[in-house]
Amino acid sequence: QVQLGESGGGSVQAGGSLRLSCAASGYTYTADCMAWFRQAPGKEREVVAAIYTRDADTHYARSLKGRVTISQDNAQATLYLQMKRLEPDDTAMYYCAADTKPAYSGSGCFYLSEYRYWGQGTQVTVST
């Protein structure tokens, strides 16, 4: 079992930055993949970025590449998502997720068909 808890969301003006955190606990060493997802009202959930925890290889959604950075602090068992140049379309609930299925790369984690463990989400609201 892996437990996840996000924090760091909030309201920000367009052009601003936020850093989301996801604290992991439990059998975190078993999770090959961790990722950030988001879901805006009325839209499907989409993957933002993923990281292969064994070597920190990362992969990003094409539409967000260059504006977001996923990273991990293994000592703190924490996953981060640094977001910059935020736009109103970035408004969504952001979730972190983890899975123990082997993936071998950041892209493998990005395209993982499903994630088993989820946090409760943290809201990001970007205003004009």
Side-chain angles (χ1 to χ4, degrees):
Q1 288 283 347
V2 177
Q3 292 81 42
L4 303 171
E6 303 93 335
S7 61
S11 297
V12 64
Q13 287 192 322
S17 301
L18 278 176
R19 188 177 80 158
L20 307 183
S21 300
C22 174
S25 61
Y27 294 101
T28 57
Y29 63 90
T30 65
D32 272 18
C33 290
M34 295 192 76
W36 286 98
F37 289 76
R38 69 182 184 182
Q39 187 166 22
K43 294 187 178 181
E44 291 189 357
R45 186 173 60 198
E46 61 175 344
V47 56
V48 174
I51 188 166
Y52 177 56
T53 63
R54 305 308 177 196
D55 65 5
D57 186 41
T58 59
H59 194 86
Y60 297 91
R62 187 183 299 264
S63 61
L64 290 159
K65 194 171 184 179
R67 294 198 298 118
V68 299
T69 302
I70 188 172
S71 61
Q72 61 183 10
D73 182 335
N74 290 334
Q76 299 295 325
T78 302
L79 183 74
Y80 299 101
L81 185 71
Q82 179 70 50
M83 302 188 291
K84 61 183 180 181
R85 300 196 306 274
L86 285 162
E87 304 168 356
D89 283 349
D90 295 320
T91 295
M93 186 70 80
Y94 284 73
Y95 301 90
C96 72
D99 201 275
T100 59
K101 288 190 288 293
Y104 308 114
S105 68
S107 60
C109 294
F110 187 89
Y111 292 109
L112 205 60
S113 59
E114 63 177 0
Y115 276 75
R116 181 174 182 181
Y117 303 105
W118 292 85
Q120 80 287 352
T122 186
Q123 178 68 38
V124 171
T125 302
V126 184
S127 58
T128 56

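These numbers were taken from a predicted model, which means no experiment stands behind them.
Evaluation of the salt bridge (Lys or Arg N to Asp or Glu O under 4.0 Å) rule for R45 yields no partner, not counting sequence neighbours. The side-chain contact (heavy atoms from CB on, under 4.5 Å) search around T125 returns S11, T91, Q123, not counting sequence neighbours. Every side-chain contact (heavy atoms from CB on, under 4.5 Å) that T69 has, sequence neighbours left out, goes to Y60, Q82. The side-chain contact (heavy atoms from CB on, under 4.5 Å) check on V12 picks up L18, L86, V126, with sequence neighbours excluded. In terms of the side-chain contact (heavy atoms from CB on, under 4.5 Å) criterion, residue partners of A56 (sequence neighbours excluded) are, by chain and number, I51, Q72. Residues meeting the ring pair (Phe, Tyr, Trp, His ring centres under 6.0 Å) test with Y115, sequence neighbours left out: F37.
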Compile the donor-acceptor pairs under 3.5 Å between side chains in residues 94-110 and protein atoms, sequence neighbours left out, one pair per line.
| residue | atom | partner | partner atom | Å |
| --- | --- | --- | --- | --- |
| Y94 | OH | R38 | NH1 | 3.0 |
| Y94 | OH | D90 | O | 2.7 |
| D99 | OD1 | K101 | N | 2.8 |
| D99 | OD1 | K101 | NZ | 3.0 |
| D99 | OD2 | K101 | NZ | 3.1 |
| D99 | OD2 | R116 | N | 2.7 |
| K101 | NZ | E114 | O | 3.2 |
| S105 | OG | S107 | OG | 3.1 |
| S105 | OG | G108 | N | 2.9 |

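Here salt bridge (Lys or Arg N to Asp or Glu O under 4.0 Å) pairs that include residues 1-27, with residues two or more places apart or in two chains, number zero. Annotation: salt bridge (Lys or Arg N to Asp or Glu O under 4.0 Å) contacts involving residues 22-34, sequence neighbours excluded, comprise D32-R54. The stretch residues 41-90 participates, sequence neighbours left out, in no disulfide (SG to SG under 2.5 Å) pair at all. Applying the disulfide (SG to SG under 2.5 Å) test to pairs two or more places apart or on separate chains, none has a residue in residues 40-94.
Of the inter-residue distances, the one linking M34 atom CE with T78 atom OG1 reads 8.5 Å to the nearest 0.5 angstrom. Atoms CG and OG, on L81 and S21 in that order, are 9.5 Å from each other to the nearest 0.5 Å. Distance SG/C33 to CG/D57: 10.0 Å, rounded to 0.5 Å.
V2 and L79 fall within a single hydrophobic cluster, where Ile, Leu, Val, Met, Phe, Trp and Tyr are joined by side-chain heavy atoms under 4.5 Å apart, directly or via other members. One hydrophobic cluster, built from ILVMFWY side chains closer than 4.5 Å, cannot hold both V124 and M93; they sit in different ones. Tracing side-chain contacts under 4.5 Å through hydrophobic residues (I, L, V, M, F, W, Y), one never reaches Y52 starting from Y27; they form parts of separate clusters. When the side chains of ILVMFWY residues are joined at heavy-atom separations under 4.5 Å, either directly or via intervening members, W118 and L112 end up in a single hydrophobic cluster.
Within a 6.0 Å radius of CD in Q120, more than 12 heavy atoms belonging to other residues, nucleotides or ligands are found.
Contact check for V48 versus M83: no side-chain heavy atoms found under the 4.5 Å cut-off.
Here the closest non-hydrogen pair linking Y117 and L4 is O-CD1, 3.5 Å. In terms of heavy-atom proximity, Q39 sits nearest to K43 at NE2-O, 3.1 Å.
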